[in-house]
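What you see below is based on every heavy atom in this structure, not just the backbone, and it leaves out hydrogens, waters and symmetry mates. None of the values given here were measured: they were computed from a predicted structure. Here is the naming used below: chain letters follow the sequence lines, and residue numbers restart at 1 for every chain.
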2 protein chains.
Amino acid sequence: MLSSEIQTALTPMNLKTLAEKLNLSQTTVSRALNGYPEVSEATRQRVEEAARRFNYHPNSRAKGLATGRARVIGHVIPSSTQHEMVNPIFGDFVAGASEACAQAGYDMIFSRVADGDEAQAYRALISRGSVDGIILQGPRVNETRIPILNEIGIPFIVHGRASGISQPYGWVDVNNKRSFQRATRFLTDLGHRRIALINGLETMDFAHRRRDGYLSALREAGIDPDPALMRSAEMTEIYGHRETRDMLRMDDPPTAILAASMISAIGVRRAIEEAGLVMGRDVSVITHDDDLSYLRNGGDVPIFTATRSSVRRAGGILAEMLIDRIENPAPEPNRLMLEAELVVGRSTGPAKTGH
Amino acid sequence: MLSSEIQTALTPMNLKTLAEKLNLSQTTVSRALNGYPEVSEATRQRVEEAARRFNYHPNSRAKGLATGRARVIGHVIPSSTQHEMVNPIFGDFVAGASEACAQAGYDMIFSRVADGDEAQAYRALISRGSVDGIILQGPRVNETRIPILNEIGIPFIVHGRASGISQPYGWVDVNNKRSFQRATRFLTDLGHRRIALINGLETMDFAHRRRDGYLSALREAGIDPDPALMRSAEMTEIYGHRETRDMLRMDDPPTAILAASMISAIGVRRAIEEAGLVMGRDVSVITHDDDLSYLRNGGDVPIFTATRSSVRRAGGILAEMLIDRIENPAPEPNRLMLEAELVVGRSTGPAKTGH
DNA sequence: CGCGCTTTTCAAAGCGCTTTGAGTGACAGC
DNA sequence: GCTGTCACTCAAAGCGCTTTGAAAAGCGCG
C-alpha cells in the first residue's frame, strides 16, 4: 500500500504518463489537447476529461523548446543608477499589459539591466530564447535601443516614440505635443501670459514633445518663452513643490503652471498653498493625468484641469499589438496615436487683470 | 560567397555549433562554461573567449528542461475585479525585488489571474514548470493561498503575514501593529483624544494589524475608540480626502488623523486645507510612508510625521530570502520582521487645549 | 476477398541543454 | 612491461514536448 502512494508521489504528471493512463500515444494526446483536427471528437473529450482530472499542465519549457516560442513578452527595466526613481505609472501600465497578456495566454517577464548594458541584455534575453517579443519603455530622444532591437530582429513595440530615429518601428503613443499645445492654449485663452512648464526630464521623448507643444502655443499667442519658467526633471512630488515655490518667489511670478504628472502637480499645489495663494484663483494649474487608479483626479469634479490619457489602457493596447505582431509577422510595423482629452477642473481660472 | 553569408544567417548559435567551432565536444564546452573542475584552465579560457566572441547564450528553456530549474520567480497578480486598484507601491516593490533577482541571475514572471482561480493558477504555474518559487503579495486575514501553496509544496514567501493561519510559512513583514501603536501614542502624548484612523481595507492583514496597534494605544491612554472615527477602504487619494472632509464636518471632529499611506494622506491634507484649517496646527496627521521613490516625504524636513519603512528594500529582502530558500531547501521557513521608524515632520503638533 | 480511400493512431526524431558512464593518453610504481 | 592513477575529453541518454512520416483501422466497392 505504501508503494502505491510512493508511486503517485513520484510519478510526474506529464504527457507520457497521461498517455499511458489513457492507453493512447503521446502524439494523440498532444494533438487532442492542442485542437488538431486529426483526432476524433470522442477521443478528444476523453483526453480533455483526463487532463482535467489528473491536473495535467504541459511543461512550458518543453513546449517552448519544441515549438521555438516562449509565449512570454519581456520588459527590460534599466536599473538607472542615475535616476533612482521608479516610475509611478509602472504599476498601472503593467496592469493593463498583463490583462491583455493573460487574455492571449502570455506571461510577462521582467529583466533588470545595468544602464548601458542594454544592448547586451536584449541580445541575451532573445538569444536565450526567454521571450518572443519586447516592450520598450520610456524612449529617449534618439533612443539607441531602437536600432539595436531592429538589428537583432525581434518583434518589439515602443511605448512612446523617439524623435530623431528615422528607421521604422512600431509604437503606441499619446499625442503629447498636441495635448500640451491645447492645454497651453487653454491658458492663453484665459488671459495668462506668464505660463510655467514643470516638465519631465527633457531627454525623455515625451517631455521633449510636450515642450514643443507648449512652445508652439506660446508662439501662437505671441508670447516670448521665458527660460526661467521652464523646468525639467524627474516628476516627483518634491520637484513639483520646489520649482513652484522658487518660481512664485520671482519678481514676475507665473500666473499659470503646466505640470507633467499628477504627482508633481500635487507638489505644485502644496507650494501654492504654502505661499498663501489659492489654486484656480491666484494660480492656474494644468497637469497631465495618466489616470492612475490610486490617484484619480477627483470624483465628480476633477481637482485639476488636466490632459488625460489612461496609461493602463495604453499598456493593454501595446501588449495586444505586440502579441499580434508576434503571431502574425508583418513587414510594416503598426503604430497608434492616442489623443488625450482635456478635462476642465477647478484648478484653472482667468488671469487676474491687475497683476 | 553568398552561401557563406546565408550560412551564418541560418546557423543558430547554440552549444553544438559552438562546440564544433572549437573542435570540442558539447560536454566539454558546457562544463567549461558552467565552471566544472574537470576541464583544464587553458580549455576554459578558450571556450569562454569563443562564447563571448560568438555571442553565445545558452537557451534558458533547454537549460531549464535539462536541469529542472527555471531560474525564475513568479508573482501572481489577482485581477481583482472587486478592487480595480493597482497598488501604488507595486513599482517600488518590484524594483527592489528585481534588483535582488538580477544579482542572483533570476528573472521574474508576472501572471495575471482571475479572482478565485488562484489555486488553479498556482498549480498551473508550477506544474508547467515556469517558476521555481513564488512571492505572495497582499495577504489577507486567513489568507487561503497559504495553505494552497503549502500543499503544492513549492518554495514561496509572503510579503506580510496572515493572522489566523497557523501552519508555518516564510514571510517578511513590517511590524505594523507596533508602528501604529507608536504613532497613536505619539498623538496621545501630544494631548490628542479624538484620533481618527483612515485605514486600508481591513480584510488585508496589514490593515488589520495597524488597527490593532491603534486600538491598543488608545486603550493605554484610556480613550474609548469611536467607530465614527475609524474608516477602512482602499488607499486612494480620493478616499483620504472624502473621509477627512466628512469627519471634519462632525460635531466633535478629530484633532488628529492616522493615514495608511502617503497617497491617502495627500487626500487628507487636501481636505484639511479645503476646510480652511492648517495641518500640524489645527489637525495633526501621521501617515505610513512606504518611502516610494516618486513620492518622498519631503526633503530636509519631512512633510508628514510618518512611520517609515522602505517597500523597495522589503522587495529586495524578500527576493533574496526566496532565492536562498530555492537553492538551499530548509525545513524551517525563515521570517523577518522589519521595524518602521517614526520620523517627525511638520504635520503634527500639540492638541489645542480649548479644542 | 482485396482494393483504394479516409479516418485515426502511432513510433521516432528533434528542440538545446546537462550529466552519466566510459574512454583516451600520460605518467608513475611495481 | 603491465597495472593503477590522474587529467581531460567524449558519445549518448534524457528532460517533456511537438511534429513528421508511416501504419493501422474502418469502410464502401467491384
Is the closest basic N to carboxylate O distance between R161(B) and E143(B) below 4.0 Å?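 Salt bridge between R161(B) and E143(B), a charged N being under 4.0 Å from a carboxylate O: no.
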
Residues two or more places apart in sequence or in another chain: which of them pass ring-ring contact (aromatic ring centres under 6.0 Å, His included) with F156(B)?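 Listed in chain order: nothing, the list is empty.
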
Using side-chain contact (heavy atoms from CB on, under 4.5 Å) as the criterion, list what pairs up with Q26(A), not counting sequence neighbours.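 Q26(A) satisfies side-chain contact (heavy atoms from CB on, under 4.5 Å) with L15(A), K16(A), A19(A) once adjacent residues are dropped.
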
Results of side-chain contact (heavy atoms from CB on, under 4.5 Å) for D324(A) - residues two or more places apart only: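 D324(A): side-chain contact (heavy atoms from CB on, under 4.5 Å) contacts with N328(A), N334(A).
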
How would you list, by chain and number, every residue that makes a side chain to side chain donor-acceptor pair (under 3.5 Å) with [X], sequence neighbours excluded?
X	value
T17(A)	N14(A)
S310(B)	none
T67(A)	none

E20(A), CD atom: more than 12 neighbouring heavy atoms under 6.0 Å: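 Result for CD/E20(A): enclosed.
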
Taking atom CZ of R313(A) as the centre, report whether more than 12 heavy atoms of other residues, nucleotides or ligands fall under 6.0 Å from it.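 It does not: R313(A) CZ has 12 such atoms or fewer within range.
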
Pairs touching residues 30-73 of chain A that satisfy ring-ring contact (aromatic ring centres under 6.0 Å, His included), sequence neighbours left out: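 Listed by first then second residue: nothing to list.
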
Which residue pairs pass the ring-ring contact (aromatic ring centres under 6.0 Å, His included) test when at least one of the two sits in residues 94-139 of chain B, sequence neighbours left out?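 Residue pairs with at least one partner in residues 94-139 of chain B: F110(A)-F110(B), H75(B)-F110(B), F90(B)-F110(B).
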
Going through the checks in order, is the salt bridge (charged side-chain N to carboxylate O under 4.0 Å, His left out) test met by E41(B) and R44(B)? CA-CA 5 Å; E41(B) 201 44 48; R44(B) 189 191 309 282; 3.6 Å; yes

Outermost DNA chain D nucleotides near chain B [under 4.0 Å, heavy atoms]: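 Both ends considered, the range comes out as dC8(D) to dG16(D).
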
Of the residues in residues 22-41 of chain A, which ones touch DNA chain C at a heavy-atom distance under 4.0 Å?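 The answer is N23(A), L24(A), S25(A), T27(A), T28(A), R31(A), E38(A), V39(A), S40(A).
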
Of the residues in residues 59-73 of chain B, which ones touch DNA chain D at a heavy-atom distance under 4.0 Å?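 Correct list: L65(B), A66(B).
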
Hey, what bend do you get for the helix from dC1(C)-dG30(D) to dC30(C)-dG1(D) if you fit axes on five pairs at each end, rounded to 10°?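 Taking the rotation axis at each end, their angle is 80°.
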
